[in-house]
Amino acid sequence: MTEKQKKSLPWWTRATEEQNDFILKIFRWGIIVTFTIMVIAALLQVISRYFFNYPLGWTGELAQIMMIWFAFLTVPVLVRRRRLMRVDALLIQLSPYWRNCANGIVNLFSAACLGWIAILSIRLMKLAGTQVSTALKIPYSYIYLSFTVGLFGAALYFLVCSFLDFLTMRTAGAEADLIQRLIDD
C-alpha cells in the first residue's frame, strides 16, 4: 500500500495497521525461520540417508516440529490478511453495511472460539510438560506452545478485523468497499 493510499484511509484503519505491523512482522519472521529450519532438516535427512547410508534420527523429528510451528504461525498472518477460506455467497448479496456487520459478528465469534481453544492449549502444555520427544529430548510443552501462540495471534487479529468491520459500517457504500479492499491488501 502506498503512502497516498494509507493517508486516504480513515484514522482508525491507519491506527490499527501501524499498531499491528510489528506483531505481524514477528509472525512473518517466525514463519521464515521455521520453514528454513524444516527444509534444512529434511535435506540433511535425505543426504545422510541416501548418500551416506547413515540416517540421522533427529532430523526427521526436527522437521516435524518445525512443520507444526510453521502451520500455527501462519494462521495469524492469514487471518490478518483475510485470506482464510470462507463461503461468501450470501455476503456478496448484502449491502456493504450489512456485509460489514455480518463479517464483524463472525470475526468476533471466531476470536472468542480461538481464544478459548488457546486457553485450553495452555492446559495441554501443562499436562505435557513432563513428556519429552524421543530424538531431540525437547519437552512436548515447547511443541504445544505453537498452538497457544498461533491461536492467540489469530484471536487477536480476528478482533482487529472485527473492529475494522464495525467501524467501516458507518462509511458510504463505495467508500466502504474501497477501504475494505485496501485493508485486505
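Keep in mind that the numbers below use all heavy atoms, side chains included, and drop hydrogens, waters and symmetry copies.
Taking every heavy atom of both residues into account, P76 and G153 meet most closely at CB-C, 3.7 Å. Across all non-hydrogen atoms, the minimal contact from I92 to R99 is O-NH2, 4.2 Å. The two residues V79 and A154 come nearest to each other via the heavy atoms CG1-O, 3.8 Å. Considering all non-hydrogen atoms of both residues, R80 and L164 come closest at NH1-CD1, 3.9 Å.
Partners of V77 under the side chain to side chain contact (heavy atoms under 4.5 Å, CB included) rule, at least two apart in sequence or in another chain, are L24, F27, R28, I31, R81. Looking at residues two or more places apart in sequence or on another chain, you find a side chain to side chain contact (heavy atoms under 4.5 Å, CB included) between A155 and L114. Taking the side chain to side chain contact (heavy atoms under 4.5 Å, CB included) definition, one finds that L43 meets it with V39, sequence neighbours left out. For S48, the side-chain hydrogen bond (donor to acceptor under 3.5 Å, both in side chains) test picks out no residue, with sequence neighbours left out. W29 is linked by a side chain to side chain contact (heavy atoms under 4.5 Å, CB included) to I32, counting only residues two or more places apart in sequence or in another chain. The side-chain hydrogen bond (donor to acceptor under 3.5 Å, both in side chains) search around S162 returns none, not counting sequence neighbours.
Counting Ile, Leu, Val, Met, Phe, Trp and Tyr side chains that sit under 4.5 Å apart, directly or through other members, M85 stands alone, with no cluster partners.
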Can I get a per-line list of side-chain donor-acceptor pairs under 3.5 Å for residues 136-149, giving both atom names and the distance, sequence neighbours left out?
| unit_1 | atom_1 | unit_2 | atom_2 | d |
| --- | --- | --- | --- | --- |
| K137 | NZ | T134 | O | 2.9 |
| S146 | OG | I143 | O | 2.7 |
| T148 | OG1 | S121 | OG | 2.7 |

Exercise answer: donor-acceptor pairs, residues 106-113 side-chain atoms, under 3.5 Å, sequence neighbours excluded:
| unit_1 | atom_1 | unit_2 | atom_2 | d |
| --- | --- | --- | --- | --- |
| N107 | ND2 | N103 | O | 3.2 |
| N107 | ND2 | D165 | OD2 | 2.9 |
| S110 | OG | V106 | O | 2.9 |

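Between I47 and F52, some side-chain heavy-atom pair lies under the 4.5 Å cut-off.
Criterion: ILVMFWY side-chain heavy atoms under 4.5 Å apart, direct or through other members. Under it, M38 and I40 are part of a common hydrophobic cluster. Follow the hydrophobic side-chain contacts under 4.5 Å out from M125 and you never reach L127; the two are in separate clusters. Cluster membership check: L156 does not share its hydrophobic cluster with I119, using side-chain heavy-atom separations under 4.5 Å among Ile, Leu, Val, Met, Phe, Trp and Tyr. Under the 4.5 Å side-chain heavy-atom criterion for ILVMFWY residues, a single connected hydrophobic cluster contains both L159 and I105. In this structure, L44 is a member of the same hydrophobic cluster as W69, with clusters built from ILVMFWY side-chain heavy atoms closer than 4.5 Å.
Counting only residues at least two apart or on different chains, the side-chain hydrogen bond (donor to acceptor under 3.5 Å, both in side chains) pairs with a member in residues 49-60 are Q45-T59.
The local environment of CZ in F35 is sparse, with at most 12 non-hydrogen atoms from other residues, nucleotides or ligands closer than 6.0 Å.
If you take CG on D88 and CD on Q93, they are separated by 10.0 Å, rounding to the nearest 0.5 Å. A distance of 11.5 Å separates NZ in K126 from CG in L124, rounded to the nearest 0.5 Å. Atoms CZ and OG1, from F70 and T36 in turn, are 9.5 Å apart once rounded to the nearest 0.5 Å.
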